[in-house]
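Position 1 is the first residue of the sequence; numbering continues from there.
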Amino acid sequence: MRILVIGAGRAGARVLRQLQKNPGLILLTADPRKDPYAVQQGIITAVDISEAVTPLTLDYVLEQAQPDLVLLTTTTEDMGLGKAPGIDILAGALREELAAIADVPVIAVARTRE
């Protein structure tokens, strides 16, 4: 099974650590940052797809990854949206839009504050 983890920040790193326990899974990552948390911590060596995943780029990313399942672990930084006031509302709407328009199952992973 090919799983695309969108977002390689802290939440994505936690998800990747757990998924790596099953060697039968093929894990791919998408994140717009060059050096996200999961890379810094050595959980992955590099991001597979260096792209901010939005409704406009989703088809390209899915074509590149060919996943059976997508896990959204994204924060506003993972989505390349910055830190403007109210941006969390936009990010939430984008996550819902991604799940609605994707041709593969998409699960939004709950994030906890650290």
Side-chain angles (χ1 to χ4, degrees):
M1 175 181 251
R2 292 173 66 87
I3 299 176
L4 173 62
V5 178
I6 299 178
R10 291 180 187 277
R14 285 191 298 272
V15 167
L16 287 163
R17 266 193 220 112
Q18 292 304 311
L19 293 173
Q20 287 173 340
K21 293 177 182 178
N22 184 339
L25 297 175
I26 298 168
L27 303 177
L28 303 152
T29 54
D31 195 293
R33 296 168 293 185
K34 292 182 181 186
D35 193 29
Y37 185 79
V39 173
Q40 293 171 14
Q41 296 300 305
I43 297 163
I44 57 174
T45 56
V47 171
D48 298 295
I49 302 168
S50 296
E51 185 76 43
V53 182
T54 69
L56 297 174
T57 62
L58 181 63
D59 284 341
Y60 168 78
V61 171
L62 293 179
E63 184 178 308
Q64 297 300 307
Q66 296 289 307
D68 298 304
L69 174 68
V70 175
L71 299 177
L72 287 173
T73 66
T74 53
T75 63
T76 56
E77 289 178 356
D78 297 330
M79 297 175 97
L81 298 175
K83 298 181 182 182
I87 203 73
D88 286 337
I89 295 168
L90 173 62
L94 284 173
R95 281 189 290 273
E96 289 177 20
E97 177 88 9
L98 290 172
I101 65 174
D103 292 334
V104 296
V106 175
I107 298 172
V109 177
R111 293 163 315 281
T112 57
R113 294 186 182 216
E114 295 191 31

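Residues P55 and E97 approach most closely at CG-CG, 3.4 Å, considering heavy atoms. For A8 against P36, the heavy-atom pair with the smallest separation is O-CB, 3.4 Å. Here the closest non-hydrogen pair linking T29 and A46 is OG1-O, 3.9 Å. Counting all heavy atoms, side chain and backbone alike, L98 lies closest to V106 at O-CG2, 4.3 Å.
Once rounded to the nearest 0.5 Å, the distance linking CD of E51 with CD of Q64 reads 9.0 Å. The CG atom of L27 sits 6.0 Å away from the CD1 atom of I3 when rounded to the nearest 0.5 Å. A distance of 6.5 Å separates CG of D59 from CD1 of I101, quoted to the nearest 0.5 Å. Distance check, rounded to the nearest 0.5 Å: CE of M1 to CG of L19 gives 10.5 Å.
Side-chain atoms of Q20 come within 3.5 Å of backbone N or O of I43 as a donor-acceptor pair. When atom types are taken as modelled, the side chain of Q66 and the backbone of E63 share a donor-acceptor pair closer than 3.5 angstrom.
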Show, in sequence, the C-alpha distance, side-chain angles and deciding distance for L16 and T73, and conclude whether the side chain to side chain contact (heavy atoms under 4.5 Å, CB included) test is met. CA-CA 10 Å; L16 287 163; T73 66; over 6 Å; no
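No side-chain heavy atom of D31 sits less than 4.5 Å from a side-chain heavy atom of S50. With contacts defined as side-chain heavy-atom distances shorter than 4.5 Å, the pair P67/L62 qualifies. At a threshold of 4.5 Å between non-hydrogen side-chain atoms, the residues L28 and I49 do not count as touching. In this structure, D68 and I26 have side chains that are not in contact, with every pair of non-hydrogen atoms separated by 4.5 Å or more.
For I107, the side chain to side chain contact (heavy atoms under 4.5 Å, CB included) partners at least two apart in sequence or on another chain are L69, L71. The side chain to side chain contact (heavy atoms under 4.5 Å, CB included) check on Q40 picks up D35, Y37, with sequence neighbours excluded.
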